[in-house]
Undergrad: 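If you scroll down you'll find the structure; I have some questions about it.
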Amino acid sequence: MNARILSIPPGRPFLTTVAEALLDDRLVPSFRYDGAPLALADVTIYVPTRRAARALASAFAAAIGTRSS
């Protein structure tokens with residue numbers, strides 16, 4: 001078994017780091033982000049509040065917006 005652990009250093013923004021790790025194929029081994037935002041609909045991420053869900057959506061929007069096509 002190959003354990004996969006994402007370690008987020010102190011001081012790094014948690015949700016931004018999670019979004020970047022998912023888009024860079026470092027978080028879920030079977031998921032590959034191909035540049036199409038709708039591909040993210042195949043992933044479920046549980047967060048504790050609606051506020052956190054909105055913040056995560058913003059983190060994904062920012063991360064996708066900074067990538068060149």
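We number each residue from 1, following the sequence as shown. Reckoned from all heavy atoms, side chains included, excluding hydrogens, waters and symmetry mates.
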Undergrad: Verify the neighbour count for atom CZ of Arg32: are there more than 12 heavy atoms of other residues, nucleotides or ligands below 6.0 Å?
TA: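 Atom CZ in Arg32 is packed in, count exceeds 12.
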
Undergrad: Please find the pair of heavy atoms, one from Ser7 and one from Pro9, that lie closest to each other, and give the distance.
TA: O-CD, 3.6 Å

Undergrad: Which pair of heavy atoms, one from Phe31 and one from Leu22, lies closest together, and at what distance?
TA: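 Shortest heavy-atom contact: CD2-CD1, 3.7 Å.
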
Undergrad: To the nearest 0.5 angstrom, please state how far the CD1 atom of Ile45 sits from the CG atom of Leu27.
TA: 6.5 Å

Undergrad: So does Ala36 get a backbone contact from the side chain of Asp34, meaning a donor-acceptor N/O pair under 3.5 Å?
TA: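 Yes; at least one donor-acceptor contact below 3.5 Å.
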
Undergrad: Check whether any side-chain heavy atom of Leu40 sits under 4.5 Å from a side-chain heavy atom of Tyr33, and report yes or no.
TA: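 Answer yes - side chains close enough.
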
Undergrad: Rounded to the nearest 0.5 Å, what separates atom CD in Glu20 from atom CG in Leu15?
TA: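 Spacing of CD (Glu20) from CG (Leu15) equals 11.0 Å.
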
